[in-house]
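Numbers restart at 1 for each chain; the letters A, B, ... are given by sequence-line order, proteins then strands. Below, each value reflects all heavy atoms present in this structure, side chains not excepted, and no hydrogens, waters or symmetry copies. Note that the structure is a prediction, hence the values are computed from the model and not measured.
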Amino acid sequence: MALDKYFEPREAEPEIYRRWEESGAFVADADSEREPFVISMPPPNATGTLHTGHAVMLAIEDLMTRWRRMQGYEALWLPGTDHAAIATESRVIGDLQKQGMPDPRHELGREGLLQAIREFVADSQDTIRRQIRAMGSSCDWSRERYTMDPQLNRVVIAVFARMFRDGLIYRGPRIVNWDPALQTTVSDDEIDSQERTAKFYTLRYGPFLVGTSRPETKLGDTAIAVHPDDERYKDYVGKTYEVPWPKGPTITVRVVADSKVDPEFGTGALGVTPAHSHIDFEMAERHDLPLIQVIGEDGRMTEAVGPHYAGMTVEECREAFAAELDAAGLLESVEDYQQNTSICYRSKQPIEPLPKPQWFIDVNKPAVPWKGQRLSLKQVMRDAVASGDIRILPEHQERTYFHWIDNLRDWCISRQIWWGHRIPVWYRGEEEMYVGHRPPGAGNVDEAAREGWEQDPDTLDTWFSSALWTWSTLIDPELAEDETLDLRHLLADSPDFAKFHPTSVMETGYDILFFWVARMILMTTYATGEVPFRTVFLHGLILDRDGHKMSKSKPETAVDPLEVIEEQGADVLRLSMLLGNAPGVDLKLTKERMVGSKRLINKLWNAAKLVDLTLDRILGDARAEGHPEAPADVEHPVNRWMLARVRELVERTTSRLEAFSFGDAAEQIRQSFWGEFCDFYLEAVKVEPLASARETADVLGYAYRTYLALFHPFVPFVTERLWAELFAAGDDEMLIRARWPEAADGHRYPDEAEGVAAVERLVQAVRGLRVEQNLDAGAKIELEVRPLAHDATLRSAEEIVGRLVRAESVTFVDSDPSERPGAAVAVDPAFQAAVRLGSADRDAERQRLEKQLADAEKRLVGLEKQLANENFVTKANPNAVEAVRKNAEDCRATIESAKERLAVLGE
RNA sequence: AGACCCGUAGCUCAGUUGGUUAGAGCGCUACGUUGACAUCGUAGAGGUCAGCGGUUCGAGUCCGCUCGGGUCUACCA
């Protein structure tokens, strides 16, 4: 059969994917005896389209999954999507507004808006699914999950209820990060800080001078805080003052001593506003201070500030109050200063800290049974990584993880939006509260409403449900319909959970280590008693050529993965993201990078054509279909060498993959394939005696087949296609199901490996001579070789050397060919080689020799110095010393030979 | 402010527990189409490993400091 001139990914890839999927190769078997290898795909948001972050995630996870599947693991890669509460709701609301509906929440109502969101999600899920397929992802679509699937909802509520019973979930007034624009709380992690210039006001405040950038909050102060050691204020601590604010309320403040106060900053005295500052709230708890809310959810001042200021926006009030203070002579100074303001990472609007009743997860309560103790969630999270149960790569991220845990506060899990898992709590009046899967009483909504029950309007933080992802996806959907089963039984009776949890690797970007990875550890250890995964592999960010994170706001530098797939194929995109990939290392994805990948794929294709022709030529009609097995033993040194190289490559590649060094693994295969297989072996098999040896067909077929298998997890499409073309595999013998190569026992051949290395050096040396002597590239040369080692191997490669250096003749001699004056000579520990120079350019040869001599002498000086150093000889590793000795010897030989040569030339 | 990462060839990056002459791809230069491949081949140029100091027989590699770049966290009334 003849291969096409080029591989056409656009036509080939979808067809290949279809064959994989229809063959059932992606589907994992929970009943199998094989050891499982499991990856839960980080669920893309059900809103958008595939970006480079998804692409690198898919490339790496598919690589691991294919490789482990080929190794014989029961590989499960479970795909899915996330409902992405805030992102999705604000996207749909935005779309509706653009279509002319100014306030969709009001116009559609809760159920109407949810319906609109559901329709939008269904649509974009299809898009995401198509795009995941286009990447070549070998994930198990039969197990696809969505965070809002019924059995996942069921689990979310079950976990909430259990945590509530265990006292790990509580409701309390807390300062939350309120976004007045989105009318919702946002978590600490959803806040960005933005530097801006603000005014810093210093006010007369009772007997003190107090600095603030937010005078309007002073209307709600309940204390003044100073540092306990601050001599200036020592006498004031404990006293209470009445402070009448102009046109505002008279506030009562107590002076408290708190070590959180920096005596160096401002005046060293600060007004404490417990209702509108996290740090002040904590102080208020320590000193038991009252809390006055002066800013409302709408971002306007409340009634508490009196009729003059009430109803103003925060900014208006700041101006107005400052003006009144100034008029009353209470404003000491106003200066500009740089301030970091918290803004919501989604709405980009300022965050307003407010007190609100919210649901929290208590991370400090020792209520979790873990390894025979009762620990807090925080302690369990720490132990899971510190004990080595979970390994984080790159390792240094473990330190970041611990640092984060140490600073972790209770996790606010309620959100004032509609899209998401609604908090499963019902209230009746102020007193009664009910937590459960169904409404209280008869279990239906209307009935409960008639009895006066009202469900909490809030929904759960998206990360609450995604924190369960590694195992909520493994719950049997039919079991989940049985509401009499508790969480323990749901887990125990789900075959997928038994077989596939804990998962093997969690692969994701380091930017969501805290958002997601840490919370999976928290939730999973609590709910299942198991860790969610054994290894966390954090990939780097994909950067544009300027080293910035790619973003849609800069389309000129961004690479659109879908465009690359369309134009060049998924293999090119994948390889570009995998070559050079290392844990946690950011990757610049550029056009140049993709050129390199494209060329490698092209080389793979072209080599296949030659392999195909050669196999036909040697075997003719005897060429059998199927996959060439490893030949037991072969005779020719070059064939032995090839088998030895393949053997070593298999070992290197496998160990690199086991170490998660994906880029390194790809590089190993590339170097061996291009440098050893293509540039040397494929040239060697063009000449006799290899060209017609039966054993060459065995080695060639086996070697190429091995390269295809090693490359397959990186570039699955083109390798699958070539596998079919060369080895005529049926659907049940596709490469995706082939065995991962193993290092064959017999293929060691150390002598031939060294001998052929000498052949390669000989070829390179002679090629160098050609260039240095300015020999016409077309000229045929006469080469004389005197082997000093590996005699048989060098002689066996006579024809090969002749072809590779374009020699008219290659003659093996017994005497030193360097004694002939009319020749250029190369020396090596294994050989001396001379090229007859018809009309020799002796000056060039002399120059070359002198340079060689100088280099060798310089090097010898260094080596001898090292050997003369007694400390080195006695203390250093004996192997290192021996290596230096050997090296010095070679140097001396080179020097001697060059000197002799120069003498001959001088005659 | 604190923590962490990075600084190696023109560009993008490797460099495994310290050990001979620091590597690869792209780019560049010269030459070359001999039936897989010009999306190719051969050869070559190009690096005081950011700087300073230390440990060591020996440092790109370990330690300290300085400079430069980045990320995260906390934020200061």
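Using a 4.0 Å heavy-atom criterion, one finds that A:Glu683 contacts the bases of the nucleic acid, with or without backbone contacts as well. In this structure, A:Gly271 reaches the sugar-phosphate backbone alone: every heavy-atom distance under 4.0 Å involves primed, P, OP1 or OP2 atoms, never a base. Here A:Arg670 lies in heavy-atom contact (under 4.0 Å) with sugar-phosphate atoms only.
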Nucleotide N/O to protein N/O under 3.5 Å, stretch nucleotides 21-23 of chain B:
from, atom 1, to, atom 2, distance (Å)
B:U21, N3, A:Arg859, NH1, 3.4
B:U21, O4, A:Arg859, NH1, 2.4
B:U21, O4, A:Arg859, NH2, 3.0

Under-3.5 Å N/O pairs linking protein and nucleotides 39-42 of chain B:
from, atom 1, to, atom 2, distance (Å)
B:U39, O2', A:Asn602, OD1, 2.6
B:U39, O2, A:Asn602, ND2, 3.4
B:C40, O3', A:Lys603, NZ, 3.2
B:G41, OP1, A:Lys603, NZ, 3.3
B:G41, OP1, A:Trp674, NE1, 2.3

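For A:Tyr704, there are no side-chain hydrogen bond (donor to acceptor under 3.5 Å, both in side chains) partners two or more places apart in sequence or in a different chain. The side-chain hydrogen bond (donor to acceptor under 3.5 Å, both in side chains) check on A:Thr719 picks up nothing, with sequence neighbours excluded. Under the side-chain hydrogen bond (donor to acceptor under 3.5 Å, both in side chains) criterion, A:Arg767 pairs with no residue, sequence neighbours left out.
In summary, the side chains of A:Asp258 and A:His227 do not present any donor paired with an acceptor at a separation below 3.5 Å, with no hydrogens or angles considered. At a cut-off of 3.5 Å, with distance as the only test, a side-chain donor of A:Ser672 or A:Tyr707 sits close to an acceptor on the other residue. A:Thr654 and A:Glu658 form no side-chain donor-acceptor contact under 3.5 Å, judged by distance and modelled atom types alone. With no hydrogens or angles considered, a side-chain donor-acceptor pair links A:Lys609 and A:Asn606 at under 3.5 Å. Residues A:Gln764 and A:Glu760 have side chains that never bring a donor and an acceptor to within less than 3.5 angstrom of each other.
Where A:His396 and A:Val261 each meet RNA chain B at their nearest nucleotide, the meeting point lying more 5' is that of A:His396. For A:Lys686 and A:Asp280, each mapped to the nucleotide of RNA chain B holding its nearest heavy atom, the one lying further toward the 5' end belongs to A:Lys686.
Between A:Tyr233 and A:Phe208, the angle of the ring planes lies from 30° to 60°, which puts this pair in the tilted group. Between A:Phe673 and A:Phe677, the angle of the ring planes stays under 30°, which puts this pair in the parallel group of the 30/60° scheme.
Rounded to whole Å, atom P of B:G35 lies 13 Å from atom NZ of A:Lys5. Counting to the nearest Å, the P atom of B:U34 and the CD atom of A:Glu799 are 20 Å from each other. Atom CG of A:Asp664 is separated from atom P of B:A14 by 10 Å (rounded to the nearest Å). Computed from coordinates, the A:Trp404 CH2 to B:A74 C1' distance equals 15 Å when rounded to whole Å. The interatomic distance linking A:Met594 (CE) with B:U12 (P) rounds to 16 Å, in whole Å. Across the protein-nucleic acid pair, A:Leu538 atom CG and B:U71 atom C1' stand 13 Å apart, rounded to whole Å. Rounded to a whole Å, the CD1 atom of A:Ile392 is 14 Å from the P atom of B:C5. In this structure, CD of A:Gln668 is placed 13 Å from P of B:U16, rounded to the nearest angstrom.
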Worked verdict on A:Glu799 versus A:Arg803 for salt bridge (Lys or Arg N to Asp or Glu O under 4.0 Å) = CA-CA 6 Å; A:Glu799 296 281 339; A:Arg803 178 185 170 87; over 6 Å; no

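The A:Leu270 side chain lies nearest to B:A77 when the options are B:A77, B:U12, B:A36. Comparing atom distances between the A:Ile279 side chain and each of B:A24, B:C76, B:A36 picks out B:C76 as nearest. Listed nucleotides B:A36, B:U34, B:A77 differ in distance to A:Phe200; the shortest reach to its side chain belongs to B:A77. Looking at the side chain of A:Thr212, the nearest of the listed nucleotides B:A77, B:U12, B:A36 is B:A77.
Salt-bridge formation is detected for the pair A:Asp4/A:Arg721: a Lys NZ or Arg NE/NH1/NH2 atom is positioned less than 4.0 Å from an Asp or Glu carboxylate oxygen. Salt bridge annotation for A:Lys199-A:Glu335: absent, with no cationic side-chain nitrogen under 4.0 angstrom from a carboxylate oxygen.
For the C1' atoms, the distance linking B:U21 with B:G68 amounts to 31 Å, nearest Å. When the P atom is compared between B:C62 and B:U16, the two are found 8 Å apart, to the nearest whole Å. Spacing between B:C26 and B:C5 at atom P, rounded to whole Å, works out to 32 Å. Remark: the separation of the P atoms in B:G18 and B:G58 is 15 Å, to the nearest Å. When the C1' atom is compared between B:C67 and B:C75, the two are found 27 Å apart, to the nearest whole Å. With P as the reference atom, B:G7 and B:G60 are 15 Å apart, rounded to whole Å. Taking atom P on both B:A59 and B:G19, the two are 11 Å apart, rounded to the nearest angstrom. The gap from the C1' atom of B:U48 to that of B:A36 amounts to 45 Å, rounded to the nearest Å.
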message = Let me check I have this right: for RNA chain B, each base becomes ., (, ), [, ] or |, based on Watson-Crick or G-U pairs with both distances under 3.5 Å. What is the full string?
response = (((((((..((((.....[...)))).(((((.......))))).....(((((..]....))))))))))))....

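Rounded to the nearest 0.5 angstrom, A:Lys598 NZ and A:Leu573 CG are separated by 12.0 Å.
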